[in-house]
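Please read the structure below before turning to the comments.
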Amino acid sequence: MFTYRIDEEIEFRLPEERFAEEATALVRRNLKHLSEWLPWVHENFSVEDALEFVRRNRRNFAENRGYGVHIIYRGQHAGNIGYNNIDWKNRSTEIGYWLAASFQGKGIMTRACRAFVSYAFDELKLNRIDIRCGVGNTKSRAIPERLGFKQEGVLRQAELLRDKYIDLVAYAMLAEEWRELREK
C-alpha cells in the first residue's frame, strides 16, 4: 500500500478496493455537505461508485494522467485530493479536493494542498496548477487564496450541479511564483 506522510497528523494513501466501503461510508455521512458543490455526489452513492473511482484512479496513474489520494488525518479517512488530468505537453494540472465536514477548520486541506502543489512543482516539474471552485464555496476558495494562488477570473456557468449551471472561480499558481513565495 502506498502512503506518503506530509506531517505528524496527515498522510496520503492511494485508494484501494479494500477501502471502498470506508470511502462510501464517509461520502454517505457527508451527502448534504458534499452534494452542495460536487456533481458526482448523489443520494445513491454506492460501494460500486467508490470501486469505479479506484479503477479510474489506477488507470490514470498507470497512464501517467494524474491520480487522487485519500487524505488520512490521525488515522481516519478525512477526504480526497488529486491531480486531475495532468497535461504533460503544457506541464500543467488542476487540483481537486474535498473534505468531510467534521474535519474542517483544522488546516488539513491547506496542508494537503500545499504538499500537492510542492510535489507538482518540485518532483513532477510542472509549470502551472489550476484550482476551480464554485463562486459561493467560500471554504474551498479559501485554500488557494491562503496559499497565494492568483484569481484569474470567473468561468460563467462552467459546471452543471444537479439541475443548474454554476459559475466557477479560476485560480492559478505558476512554478516561479511558488518558488518566490517559499523564499520569503
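Sequence positions, counted from 1, serve as the residue numbers for this chain.
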Full working for side chain to side chain contact (heavy atoms under 4.5 Å, CB included) between Leu99 and Gln104 = CA-CA 7 Å; Leu99 194 64; Gln104 292 186 342; 4.1 Å; yes
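- Two residues are said to be in side-chain contact when any heavy atoms from C-beta on lie closer than 4.5 Å; Trp178 and Arg114 meet this criterion.
- In this structure, the separation between CG on Asp7 and OH on Tyr73 is 9.0 Å, given to the nearest 0.5 Å.
- When ring centroids are compared, Trp40 and Phe45 come within the 6.0 Å threshold.
- Closest approach of Ala78 to Trp98, counting heavy atoms only: O-CZ3, 4.4 Å.
- Residues Ile86 and Leu126 meet the side-chain proximity criterion, which asks for heavy atoms closer than 4.5 Å.
- Using bins of under 30°, 30° to 60° and over 60° for the plane-to-plane angle, the ring pair Phe12/Tyr4 lands in the parallel bin.
- Note that CD of Gln76 and CG of Leu26 are 9.5 Å apart. Values are rounded to the nearest 0.5 Å.
- In this structure, Tyr83 and Tyr67 have perpendicular ring planes: the angle between them is above 60°, well past the 30° mark.
- In summary, the side chains of Trp37 and Ser140 do not present any donor paired with an acceptor at a separation below 3.5 Å, with no hydrogens or angles considered.
- Considering only heavy atoms from C-beta on, Met109 stays 4.5 Å or farther from Lys139 through its side chain.
- Annotation: side chain of Ile71 is in contact with side chain of Ile10 (closest heavy-atom distance under 4.5 Å).
- Counted by atom type alone, Arg13 and Thr3 present zero donor-acceptor pairs between their side chains at under 3.5 Å.
- No more than 12 heavy-atom neighbours from other residues, nucleotides or ligands sit within 6.0 angstrom of CZ on Phe61.
- In this structure, a donor-acceptor pair under 3.5 Å is absent between the side chains of Asn60 and Asn57.
- Heavy-atom contacts from other residues, nucleotides or ligands closer than 6.0 Å to CD of Glu21 number 12 or fewer.
- The aromatic rings of Phe19 and His70 sit perpendicular to each other, their planes meeting at more than 60°, with 30° as the lower class boundary.
- The one candidate from Glu63, Glu52, Glu17 that meets the salt bridge (charged side-chain N to carboxylate O under 4.0 Å, His left out) condition with Arg58 is Glu17.
- Scanning both residues, Pro144 and Arg141, for their nearest heavy atoms gives CD-O, 3.2 Å.
- Proximity of Pro39 to Glu159: side-chain heavy atoms (C-beta onward) are separated by under 4.5 Å at one or more points.
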Tell me which donor-acceptor pairs under 3.5 Å the side chains of residues 127-136 have, and how far apart each pair is, sequence neighbours excluded?
residue : atom : partner : partner atom : Å
Arg128  : NE   : Asp130  : OD1          : 2.9
Arg128  : NH1  : Glu152  : OE2          : 3.3
Arg128  : NH2  : Asp130  : OD1          : 2.9
Arg128  : NH2  : Glu152  : OE1          : 2.5

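- Within 6.0 Å of atom CG in Asn85, 12 or fewer heavy atoms from other residues, nucleotides or ligands are found, so the atom counts as exposed in its surroundings.
- Screening Ile143, Leu174, Leu181, Val117 against Phe149 for a side-chain contact (heavy atoms from CB on, under 4.5 Å) leaves a single residue, Val117.
- At a threshold of 4.5 Å between non-hydrogen side-chain atoms, the residues Met173 and Lys150 do not count as touching.
- In this structure, Arg28 and Ser46 have side chains that are not in contact, with every pair of non-hydrogen atoms separated by 4.5 Å or more.
- Other residues, nucleotides and ligands contribute at most 12 non-hydrogen atoms within 6.0 Å of the CD atom of Glu43.
- For the atom pair Arg162 CZ and Ile166 CD1, the distance stands at 9.5 Å (nearest 0.5 Å).
- Contact of the Asp87 side chain with the Thr93 side chain is not registered, since no non-hydrogen atoms from C-beta on lie closer than 4.5 Å.
- In this structure, Glu183 has no salt bridge (Lys or Arg N to Asp or Glu O under 4.0 Å) partners at least two apart in sequence or on a different chain.
- Note: Arg74 CZ to Ile108 CD1 = 8.0 Å, rounded to the nearest 0.5 Å.
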